[in-house]
Structure formats: C-alpha cells, structure tokens
Amino acid sequence: MAELSLIQAQRVVLLLAGASKGVTLYPEAHPAVAQPLREICTIVGEALREKPAVRLGILDGVLFLEHHLFFTPTASVDELVEILTAREVRAVTFQRGLAPSELTEFVTLLSRRDLRGEALAAELARRGCAHVTVELEDLRQEEAEEEFDATATYRQAITVVSTLFGDIESGRIPSTEMLRGIVDRVADLTIREPSTLLGLAMIKDYDNYTFFHSVNVGILAMALGAALDMKKEELRELGMAGFLHDVGKTRVAKKILNKPGKLSPAEFEEMKRHAEDGARIIGEIEGVNPRVAQAVLGHHIGFDRTGYPPWALDLSFERSCDIIAVADCYDAITTLRVYKPPLNPREAVEMIRGLGGTQLDPDLVETFTGMLGRYPVGTLVRLDTNEIAVVFRPSSQGGERPVVKVVKDGLGRVLPSPVVKDLAREEGVGIVAVMDPALAAIDVSRYLE
Ligand SMILES: [Fe+2]
Ligand SMILES: [Fe+2]
C-alpha cells in the first residue's frame, strides 16, 4: 500500500506528538519514547516501500501529512504545529531507508529549545540522519510581515485593555470577547514570534502607564510560560491574568496611584487592596477562568509569602501567580514613574536576580533572565565598530547576538534614522560594552517600536 490512509496519518501525528513530549520526560530507550517511534517507523516504512519520501509539515497554519490536512485541532495536532513552528521548520521529509535511530535523533533534537532553523538542520546532518530532511521557513521574507503583525497586535492589546479598564471604572459590564480575541492572538505570536513581542513589551508610555504595564506584564508572562514549555491554553490564562493583574487599581483613588512621594500607611493599605479587588472584579466577569482571578489575587503574595493580602498568605497558589510576579516586577522596575527613575535592563536583571528566593521564585527568575539574554531589549551598547546601538530584539538565533538599532555612527554622530543590524547575521560585528543611556543622552524607548 503506497499511500498513507487517514487513520494511519492520524496515528502518526498522535504518536509523533506523544514521542516529542515523551523525550522531554524520559530517556530515549523508555517505552514512552521508543514504542511510538517504532510504530511510526513501521507505518512510514510501509509507505516508503512504494514511494521515495513521506512529507509532514505546515501549510498556511494547517498541519499536513502527505495529502492529509488536519483542519480540526486536537491536542496532538496543536502540539506538532507549535513545536515545528517554534523550531522554524516548515516541513520534514522522511526518505526511503529511514532507520528508527534517525527518527529518535530527530525527535530528540526537535525537543531542544536551543536548536532551531539552520542550527537544527546542521545538527541533524552532523548526527548522520541522512533520511530525515527539514525544510526551513523563509524567515527573512516573513520577518517584515510578522514585525508589522506583532506591532499592530500590541497596539490593539493596549486599546482593548484601556477600554476594559474604562468600562470597569465607570461601572459598565465589560465584554470579554475582545479580550479573549486579543489574548489568543498574543498567545499565537508568543509561540510563533516570541522575540518581536518581547521587544515590544519594553515600550513604555508615561501617561498611559497602567495599560502599557498591564499588556507588557501579560506578554512577559506568556513569554516566560512559553520558555517553560507551557501549552497554549495555559499561555492564554497567563496572558489574561497579566492583562488584568492590576485591574483592582481602578478602585484605588487616583491621587494615591499617582502620588510622587512615599505612600502613608493608610494610603498603602488602600493600594494593597487592588489585588483582592482585582480578583473580585474578575470573578464577576462572565467567561473568565477562576484560575485567572486566583493568579491576580496572589500576584503580590510573594514567593516567601511576605506580601499581601495577609488573609491569603497561607492559601496555595499555582505557578502562574509566581510567573505574573516576575513579569510584574521586571516591567515595573524598568519603567519611569512619578516616584522613581527606571532601571536600565541590565540593572533590572541584577535586581530581579537579587529577589530570587525571597520575593520571587528563584527558578522562574533563572528562566526569565536566561530568556532575556545577556543583552536584554532596551540595553544601550557600543559595537566594535564604535557605533552606539539600542538592543531592539533578542537574538534571532538564541545566544548573545541580538538585533540592534544603530543610533550613532562610529564618529558619535546621531543618525537621522536608525539602522537595524541583526548581529547574528553580521559577520565580525559584536558588542564591546554596555552603556548608560543617561550618560550617552539617548532616550532608548524612542527606538523600541
Ligand atoms: Fe499589582
Ligand atoms: Fe503590576
């Protein structure tokens, strides 16, 4: 039988998703990994007796295996689309001669978050997997579109959050349809294009602090969730919790929210109520998962349980709560407020590290700071060409060579319009130093969009 039947195709997808998950939990020889791979080899091997290759991939967002298209999402289909997309793989071809060991190598490499695109293809070749070939996404062509898509989505998220807060403030019942739609889109982008969104999450707006802060926390939390391999449904919940985590501040007097100096004990007590007020407000909104309200209730509870509200200190909270706390802390300390100057990203990373184990979960801090990389977005740097640049996007290839916007040339002259350089693709140009934006008189935030 030459062609794979629909049932066989469905079986291969199910087994491949299972093995991809299994390999992150068990050694290769474990039955949870070895068994599905053996079965895939048998099914695909049978087809390969009659034809030279079997192809699996994604076309316009839909998973296909040979001529079978998987329009209906199932957990396995979603998982394969997620993992292939994250690894920048458009299709995989299994060729005649495929050995079980090659399939094992392929699934193992696919599970490695640090390998994608050309690096993944090179590693496959290096390990002698001659009968498994990956076709990569044409990133350069798609980058411009995705950049535009991400910026539009970011702006839309700000609008949705500000409308929702406005509704709540004026006693209207907010519609969650828009909110759910935007959270879904941001979750998709987080999986597909995490570095662009991470870059956008460093945009600040002094006058609309709450809305930008809420959206940024949602994005940072989703990015951290994705780095922890959380599933899309969990990412959606994280996004929702991030977007809404400070919704209780709609109940706090404006003069307290915007007070330039230190809050009095009574004012601080009122401010502290925003966590429980937020959870209550969310609990009243139709169609929002109660876990979102729970995460909001605990977003200031602290990893060491020294935060607030005091009556909730002994409750058990899920990890989403600690994730929101890390994202909240990073965005708050990198933002200028009436009562404090912002820290630059380098200093912020140091500070967050210092809070690991007390206020923040140390493991999450580790993953978060690892995700931001050595030169987080918003860092001002000097290149070895003597040019001054702002880190604009995390590295497209992982590692420590981010995308930068050059703002001053090698002679110290401000460029009329900044020039984007992807250091991962620029031979021989590297970062030599991190600079203080205040000393260099550069407003970094102007260059982040
Ligand atoms: Fe808060
Ligand atoms: Fe916050």
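Because the structure is a prediction, the values reported are computed rather than measured. Order of listing sets the numbers, starting from 1, for every ligand and every atom in it.
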* Asked: Any side-chain heavy atom of K231 sitting closer than 4.5 Å to one from E79?
  -> yes

* **Side-chain heavy-atom pair V134, R90 within 4.5 angstrom cut-off** => no

* Atom of H213 nearest the Fe ion (ligand 2) (restricted to N/O/S, atom name only) -> NE2

* To do: Run through the protein N/O/S atoms less than 2.8 Å from the Fe ion (ligand 1) and write them out by chain and number.
  => D246 OD1, H274 NE2, H299 NE2, H300 NE2

With a 3.5 Å cut-off and sequence neighbours excluded, list the donor-acceptor pairs that the side chains of residues 277-297 form with protein atoms.
{"from": "D277", "atom 1": "OD1", "to": "R280", "atom 2": "NH1", "distance (Å)": "3.4"}
{"from": "D277", "atom 1": "OD1", "to": "R280", "atom 2": "NH2", "distance (Å)": "3.0"}
{"from": "N289", "atom 1": "OD1", "to": "R291", "atom 2": "N", "distance (Å)": "2.9"}
{"from": "N289", "atom 1": "ND2", "to": "E237", "atom 2": "OE2", "distance (Å)": "3.1"}
{"from": "R291", "atom 1": "NE", "to": "E237", "atom 2": "OE1", "distance (Å)": "2.7"}
{"from": "R291", "atom 1": "NE", "to": "E237", "atom 2": "OE2", "distance (Å)": "3.4"}
{"from": "R291", "atom 1": "NH2", "to": "E237", "atom 2": "OE1", "distance (Å)": "3.3"}

* To do: For the pair H300 and H274, name the ring-plane relationship: parallel under 30°, tilted 30 to 60°, perpendicular over 60°.
  => perpendicular

* Asked: Does one side chain, of H213 or H245, offer a donor that lies under 3.5 Å from an acceptor on the other?
  -> yes

* For R346 and R374, indicate whether the former's side chain and the latter's backbone hold a donor-acceptor pair under 3.5 Å. => yes

